[in-house]
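What follows is a set of notes on a single structure, which appears directly below.
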There are 2 protein chains.
Amino acid sequence: MKTEDVVLGILNEKSQTGYDIVEKIKTIFSHFFDGSYGSIYPVLHKLENKGKVTKKIIVQEGKPNKNLYSITESGREEFNKYLRSPVQTEVMKSDFLMRLYHGEYLPEEQIKQIIIEEINRKEQLVEELESQFEVWKEDMSSYQKLCCQIGIESYRSEIEILKKFQGH
Amino acid sequence: MKTEDVVLGILNEKSQTGYDIVEKIKTIFSHFFDGSYGSIYPVLHKLENKGKVTKKIIVQEGKPNKNLYSITESGREEFNKYLRSPVQTEVMKSDFLMRLYHGEYLPEEQIKQIIIEEINRKEQLVEELESQFEVWKEDMSSYQKLCCQIGIESYRSEIEILKKFQGH
DNA sequence: AGGTTCATGTAACTCGTTACATGATTCA
DNA sequence: TGAATCATGTAACGAGTTACATGAACCT
């Protein structure tokens with residue numbers, strides 16, 4: 001999965017600005033994809049050069065101009081090619097588990113603290129995903145909702161596992 | 001968490017070759033870190049130039065020479081600095097969830113197939129982690145074992161979640 | 001007065017992947 | 001005979017992060 005495919009997928013739903021795309025990625029995609037302005041804007045320019053998207057400048061009053069991007073026929077073809085390509089294996093990068101792995105080199109109190117913080121962090125992620133789900137759900141397909149629900153349940157399971165191991 | 005810190009952490013346990021380090025990453029670190037020869041060998045050279053590790057060439061009969069790397073005092077300091085730095089948030093990249101999100105653009109049969117394949121993949125990951133755990137557990141601290149167990153349980157929970165949602 | 005939201009962008013840098021190159025030994 | 005294991009490495013490319021730059025409107 002390339003960032004280009006992700007952006008095409010988002011634009012395949014409807015025309016949006018780079019700002020909108022980043023917002024979507026930071027909220028409902030947060031549990032399975034990562035992206036920022038520094039990665040999304042250049043990708044949009046690249047897709048425009050390749051003719052996969054088109055840009056329309058929207059002049060606004062009291063706000064900066066918007067670049068509204070729309071997917072082209074060629075972009076749709078590219079996206080469909082992605083959808084039919086083999087699914088790549090998941091990649092997880094967890095600094096938390098790396099610390100835990102090396103737990104013997106830290107005082108026990110500190111490890112306990114790290115675990116508590118990770119539980120708190122995940123509890124907050126559940127809350128955020130749930131509230132984001134409420135915000136977006138009207139416009140979501142059943143698959144998209146499923147995807148959110150899997151995220152919420154995954155976080156909850158992780159929390160349970162950590163709590164179970166908390167007292168050794 | 002930088003790859004340099006990860007390599008220092010592995011060498012902090014004992015002196016090893018680049019090959020050994022990659023093997024460890026590909027087996028017991030697989031659920032929380034990703035690395036390959038193309039990333040680990042250059043990092044080892046970089047750490048050597050910085051004086052964080054030293055290299056000893058071991059001549060073998062019937063096998064290629066080995067470069068045995070050991071952590072230096074300066075490397076230990078660096079590693080301890082990492083251990084005491086703030087824990088970075090986890091990052092997950094899941095092509096599977098991306099496909100599921102766009103499920104409406106694929107035939108239902110294909111989505112079902114993708115879910116089945118993901119369940120199979122994760123069942124295999126559980127098996128692999130369990131067998132790796134058996135291989136390495138003699139040399140593992142209780143924290144390292146905990147880390148493996150969390151991986152196994154996380155995969156199992158993911159499988160349960162997917163099975164639950166399988167029939168919609 | 002200060003923080004947040006909306007809105008876009010780039011330059012420099014760091015990092016990682018992919019593909020290639022080599023080559024003996026061991027196992028099926 | 002062919003695949004896997006052991007063992008190291010690099011060049012070219014592609015991708016992503018960080019930090020910077022701008023600036024009005026709106027909310028507290």
Side-chain angles (χ1 to χ4, degrees), chain A residues 1-8 10-11 15-27 29-30 33-50 53 55-69 82 85-86 88-93 95 132 135, chain B residues 1-8 10 15-27 29-30 33-50 53 55-69 85-86 88-93 95 132 135:
Chain A
M1 156 179 69
K2 283 189 267 178
T3 302
E4 288 184 35
D5 299 318
V6 177
V7 169
L8 286 175
I10 292 174
L11 292 177
S15 297
Q16 285 165 86
T17 66
Y19 191 85
D20 295 334
I21 293 168
V22 173
E23 205 201 338
K24 197 155 213 178
I25 288 172
K26 294 258 179 217
T27 54
F29 280 37
S30 61
F33 188 74
D34 187 43
S36 58
Y37 296 122
S39 61
I40 301 307
Y41 284 123
V43 161
L44 280 166
H45 300 153
K46 205 171 158 191
L47 287 171
E48 201 190 357
N49 288 335
K50 285 188 187 175
V53 304
K55 178 169 74 177
K56 196 180 159 190
I57 298 167
I58 312 264
V59 180
Q60 299 184 117
E61 301 157 29
K63 283 183 188 178
N65 287 353
K66 275 183 182 183
N67 297 343
L68 189 70
Y69 288 95
Y82 156 69
S85 68
Q88 310 275 272
T89 55
E90 282 181 0
V91 181
M92 167 73 134
K93 199 169 166 178
D95 195 19
Q132 287 303 325
V135 172
Chain B
M1 156 178 69
K2 283 190 267 178
T3 302
E4 287 184 35
D5 300 317
V6 176
V7 170
L8 286 177
I10 293 174
S15 297
Q16 286 165 85
T17 66
Y19 192 85
D20 295 333
I21 293 167
V22 173
E23 206 203 338
K24 196 154 213 177
I25 289 172
K26 295 258 179 218
T27 54
F29 280 36
S30 61
F33 188 75
D34 188 43
S36 58
Y37 296 122
S39 60
I40 301 308
Y41 283 123
V43 161
L44 280 168
H45 301 153
K46 205 172 157 191
L47 287 171
E48 200 191 356
N49 288 335
K50 284 188 187 175
V53 303
K55 179 170 74 176
K56 196 180 158 188
I57 298 167
I58 312 266
V59 180
Q60 299 184 117
E61 301 158 27
K63 282 183 186 177
N65 287 352
K66 275 183 180 182
N67 297 343
L68 189 71
Y69 288 94
S85 69
Q88 310 275 273
T89 55
E90 283 182 0
V91 181
M92 166 75 135
K93 201 170 166 177
D95 195 19
Q132 286 304 325
V135 171

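Just so we're on the same page: letters track the sequence lines, and every chain starts at 1.
Of the candidates D:dG16, C:dC15, C:dT17, C:dT17 carries the atom nearest the B:Ser39 side chain, counting heavy atoms from C-beta on. For A:Lys55, the side-chain atoms get nearest to C:dG9 when compared with the rest of D:dT8, C:dG9, C:dC6. Here C:dT8 is the nucleotide among D:dT8, C:dT8, C:dT17 with the atom lying nearest to any side-chain atom of A:Thr17. Side-chain proximity of A:Tyr19 to the nucleotides C:dT17, D:dC6, C:dT8 is greatest for C:dT8. The B:Lys46 side chain lies nearest to C:dC15 when the options are D:dC6, C:dG9, C:dC15. Side-chain atoms of B:Gln60 lie closest to D:dA7 of the nucleotides C:dG9, D:dA7, C:dT18.
If you take CG of B:Asn67 and P of D:dT8, they are 5 Å apart, rounded to a whole angstrom. If you take CD of A:Glu4 and P of D:dG14, they are 11 Å apart, rounded to a whole angstrom. One can place NE2 of A:His45 at 16 Å from P of D:dG16, the figure rounded to the nearest angstrom. Atoms OH (A:Tyr41) and C1' (D:dA21) sit 14 Å apart, rounded to a whole Å.
Nucleic acid contact for B:Gly18: sugar-phosphate only, since backbone atoms but no base atoms lie under 4.0 Å from a heavy atom of the residue.
When the options B:Val22, B:Thr27, B:Ile21 are evaluated for a side-chain contact (heavy atoms from CB on, under 4.5 Å) with B:Ile25, the one that passes is B:Ile21.
Within the 4.0 Å cut-off from OP1 or OP2 of D:dG14, not a single side-chain nitrogen or oxygen of A:Lys2 is found. Taking only side-chain nitrogens and oxygens, B:Thr3 comes nearer than 4.0 Å to OP1 or OP2 of C:dG16.
Remark on DNA chain D: of its neighbouring residues B:Glu23 and B:Tyr69, the 5'-side contact belongs to B:Glu23, judged by nearest-heavy-atom nucleotide. Comparing A:Pro64 and B:Pro42, the nucleotide of DNA chain D nearest to each residue sits closer to the 5' end for B:Pro42.
Rounding to the nearest 0.5 Å places CG of A:Leu44 at 12.5 Å from OH of A:Tyr37. One distance of note links CE of B:Met92 with NZ of A:Lys93; it measures 14.5 Å at 0.5 Å rounding.
Judged purely by distance below 3.5 Å, without hydrogens or angles, the side chains of B:Asp20 and B:Tyr69 never pair a donor atom with an acceptor atom.
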